[in-house]
Colleague: 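Attaching a single structure in structure tokens format; questions to follow.
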Amino acid sequence: MALKLSFGLLALATFASAANFRRVACPDGVHTATNEACCVFHSLADHLQTITFNFTCGEDAHEALRLTFHDAIGFSFMNEALGGGADGSIMIFEDTELMDPANNGVDDAIDNLRPLLTMFDISAGDLIQFAGAVAVSNCPGAPKLEFMAGRPNATHPAALGLVPKPEDPVDMIFARMEDAGFSPTELVGLLASHSIARSDTLIDNRQAVPFDSTPFTFDTQIFLEVLLAGQESQTLPAAAGEVAAQVPNPLVAQGEMRLQSDFAIAHSTESNCFWQSLVNDQNNMMIHFHDAMAKLAVVGQDTSKMIDCSEAIPEPVPPVAKPATFPAGTGPELLQLSCTENIPFPSLATDPGQATTIPECPDGDINLNDCPS
Ligand code: HEM
């Protein structure tokens with residue numbers, strides 16, 4: 001009897017493990033998937049990598065990542081009628097949502113991605129979150145993000161005013177994020193995204209103005225460089241109406257800008273110690289970004305009805321093996337630290353040589369479509 005029972009258990013365990021590992025052949029004849037519903041995302045990943053992003057962490061990849069936030073943050077726990085979160089509304093109701101100045105510049109990513117809706121049988125919300133996760137996999141040092149499939153298409157636009165603006169007071173930003181389910185710490189985790197970010201709209205007559213000295217690498221330089229004190233004159237000429245979006249930074253001559261919001265979050269008592277702790281802590285930055293992005297990607301969605309298709313996200317490019325450094329021309333004397341907890345600041349080297357202009361193209365990228373003209 002005991003023998004019979006253990007055979008039964010063994011058979012059950014074998015069946016369960018076979019079920020776990022059984023893959024279905026996808027209709028494209030190329031891929032296999034754990035769930036047939038993921039097949040389309042394997043094909044989409046191939047298309048995004050070869051055609052849209054060209055396997056690089058360039059402008060198109062940066063913009064796709066930004067779009068994930070601008071779609072998902074259109075949600076309010078206080079009033080759920082205001083928006084459906086990560087539901088594709090920013091693409092479906094582009095004309096309405098892009099009237100919000102906080103969405104300036106996201107039209108490029110929408111224009112890039114929208115044609116894929118006619119090529120692949122997926123919703124706009126799935127397309128946006130999937131494309132962002134694939135995009136970031138091209139950036140050395142990014143974690144592999146999760147992807148849950150199954151967002152129904154939005155039926156109405158998100159209300160204007162739900163996306164934080166760089167000139168907003170920090171308490172207003174925290175309140176907005178909390179209303180969408182995010183703590184100040186989670187926001188700092190999300191802001192690792194500004195490690196691969198450049199502005200096209202805030203500086204007069206200039207595009208692709210980076211937020212840190214390594215805008216094609218998902219590293220912790222952003223957390224360090226935002227902590228370097230700038231003098232009053234160290235700002236770039238602002239585009240019309242954007243003076244308050246920017247605060248001084250000492251790398252202005254190298255072409256860098258600093259968002260008022262990043263600066264304020266780096267110094268608020270609610271987030272300054274955590275911000276500071278991420279300097280030169282690649283692993284922790286990756287973990288916190290991964291977890292906060294997993295949450296962001298499903299804001300407003302019923303995850304019990306979604307299917308985990310994370311397997312379709314490419315393996316990310318590994319981190320560059322270089323610790324954070326003070327860019328040439330700066331140094332520890334410029335550190336502006338406001339965390340009063342007893343957290344030792346890492347001892348970092350300074351890049352040798354003269355201060356140089358921050359490159360405008362990813363290293364080795366010969367596809368100039370990804371570079372600013
Ligand atoms: C307090 C919250 C945030 C504010 C105020 C903010 C503001 C901005 C602004 C003003 C820009 C420049 C846009 C332009 O001129 O082209 C920008 C770029 C960017 N943001 Fe944010 N952001 C926030 C949070 C986030 C989050 C949570 C993500 C992603 C998860 C994100 C990802 C990006 C990326 C990747 C870019 C670069 C886009 C490019 O290079 O074309 N941001 N952000």
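Read the numbers this way: they start at 1 and go in the same order the structure lists the ligands and their atoms.
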Colleague: If hydrophobic clusters are built by linking Ile, Leu, Val, Met, Phe, Trp and Tyr wherever their side-chain heavy atoms come under 4.5 Å apart, do Ile222 and Val279 end up in the same one?
Modeller: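 As far as the 4.5 Å side-chain criterion goes, Val279 and Ile222 are connected within one cluster.
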Colleague: Which residues pass the side-chain hydrogen bond (donor to acceptor under 3.5 Å, both in side chains) test with Thr68, not counting sequence neighbours?
Modeller: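 Result, side-chain hydrogen bond (donor to acceptor under 3.5 Å, both in side chains) vs Thr68: none returned.
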Colleague: Count I, L, V, M, F, W, Y as connected when their side-chain heavy atoms are under 4.5 Å apart, and connections chain through other members. Are Phe69 and Phe130 then in the same cluster?
Modeller: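 As far as the 4.5 Å side-chain criterion goes, Phe130 and Phe69 are not connected within one cluster.
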Colleague: Between ligand 1 and the protein, find all N/O pairs closer than 3.5 Å and give the distance for each.
Modeller:
| residue | atom | partner | partner atom | Å |
| --- | --- | --- | --- | --- |
| ligand 1 | 15 (O) | Ser199 | OG | 2.6 |
| ligand 1 | 15 (O) | Asp200 | N | 3.2 |
| ligand 1 | 15 (O) | Thr201 | N | 3.0 |
| ligand 1 | 15 (O) | Thr201 | OG1 | 2.6 |
| ligand 1 | 16 (O) | Asp200 | N | 2.8 |
| ligand 1 | 20 (N) | His194 | NE2 | 3.0 |
| ligand 1 | 22 (N) | His194 | NE2 | 3.0 |
| ligand 1 | 40 (O) | Arg198 | N | 3.0 |
| ligand 1 | 40 (O) | Arg198 | O | 3.0 |
| ligand 1 | 41 (O) | Glu59 | OE2 | 3.4 |
| ligand 1 | 42 (N) | His194 | NE2 | 3.0 |
| ligand 1 | 43 (N) | His194 | NE2 | 3.1 |

Colleague: Side-chain contact test, heavy atoms from C-beta onward, threshold under 4.5 Å: evaluate it for Gln234 versus Asn249 and give yes or no.
Modeller: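 No - every pair of side-chain heavy atoms lies 4.5 Å or more apart.
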Colleague: So, Asp126 and Arg151, do they make that salt bridge, N to O below 4.0 Å?
Modeller: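 Yes.
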Colleague: Is the closest side-chain heavy-atom distance between Val24 and Thr32 below 4.5 Å?
Modeller: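 Contact flag for Val24/Thr32 side chains = no.
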